[in-house]
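Right, one structure below, let's go through it.
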Amino acid sequence: REIYKIEPTQEEGLFPAQSADLHYLDSACYEAIKSTLFKLRAAKPQDRSDKARCYAVVITDIEKALAYFGEYVVNDGDRP
């Protein structure tokens with residue numbers, strides 16, 4: 001299955017039935033990205049291991065994605 005072609009449905013429990021409201025979907029996606037960021041920060045090892053460095057790189061990339069998505073999708077900002 002190609003994940004980008006899957007339409008979210010109520011049966012999958014992804015979004016409520018009123019998912020036609022695109023702003024709601026934008027906000028739901030933003031919150032999911034933010035939740036992922038918090039989970040990554042909590043799971044990141046506190047040592048200086050390779051695994052901790054990998055977490056740090058992913059956290060930085062997710063922070064950038066969250067900022068971009070928040071500004072240009074949720075807030076309808078002008079894209080660069």
Side-chain angles (χ1 to χ4, degrees):
R1 281 172 54 175
E2 296 179 40
I3 198 80
Y4 64 90
K5 292 184 179 178
I6 298 172
E7 291 293 323
T9 64
Q10 188 174 9
E11 294 79 23
E12 291 175 321
L14 297 175
F15 301 106
Q18 69 270 21
S19 65
D21 180 0
L22 294 179
H23 185 69
Y24 174 81
L25 292 176
D26 293 344
S27 295
C29 290
Y30 181 85
E31 292 301 320
I33 296 168
K34 192 162 73 169
S35 174
T36 300
L37 180 59
F38 289 135
K39 290 174 187 173
L40 285 166
R41 286 177 178 158
K44 180 181 173 282
Q46 296 303 311
D47 57 8
R48 294 182 160 264
S49 64
D50 286 339
K51 186 174 184 177
R53 280 189 283 284
C54 289
Y55 265 89
V57 169
V58 171
I59 288 169
T60 300
D61 287 345
I62 296 293
E63 288 169 339
K64 289 189 273 185
L66 184 65
Y68 188 90
F69 191 84
E71 180 61 26
Y72 300 114
V73 176
V74 176
N75 295 330
D76 294 324
D78 294 328
R79 285 197 267 169

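Heavy atoms only: backbone and side chains are in, while hydrogens, waters and symmetry mates are out. In this chain, numbering begins with 1 at the start of the sequence shown.
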Quiz item: side chain to side chain contact (heavy atoms under 4.5 Å, CB included) between L37 and I33: does it pass, once the steps are laid out?
Solution: CA-CA 6 Å; L37 180 59; I33 296 168; 5.7 Å; no

Shared hydrophobic cluster, [X] / [Y] (ILVMFWY, side-chain heavy atoms < 4.5 Å):
X   : Y   : value
Y30 : L25 : no
V73 : Y24 : no
Y68 : I59 : no

Here the side chain to side chain donor-acceptor pair (under 3.5 Å) pairs for residues 34-47, sequence neighbours left out, are R41-E63, D47-S49

inquiry  = Between D26 and V74 (side chain of the first, backbone of the second, donor and acceptor by atom type, cut-off under 3.5 Å), is there such a pair?
reply    = no

Note: A52 and P45 closest approach over all heavy atoms is CB-O, 3.6 Å

Residues at least two apart in sequence or cross-chain that pass side chain to side chain contact (heavy atoms under 4.5 Å, CB included) with D61, listed by chain then number, are V57, K64

Across all chains, not counting sequence neighbours, the side-chain hydrogen bond (donor to acceptor under 3.5 Å, both in side chains) partners of D50 are R53

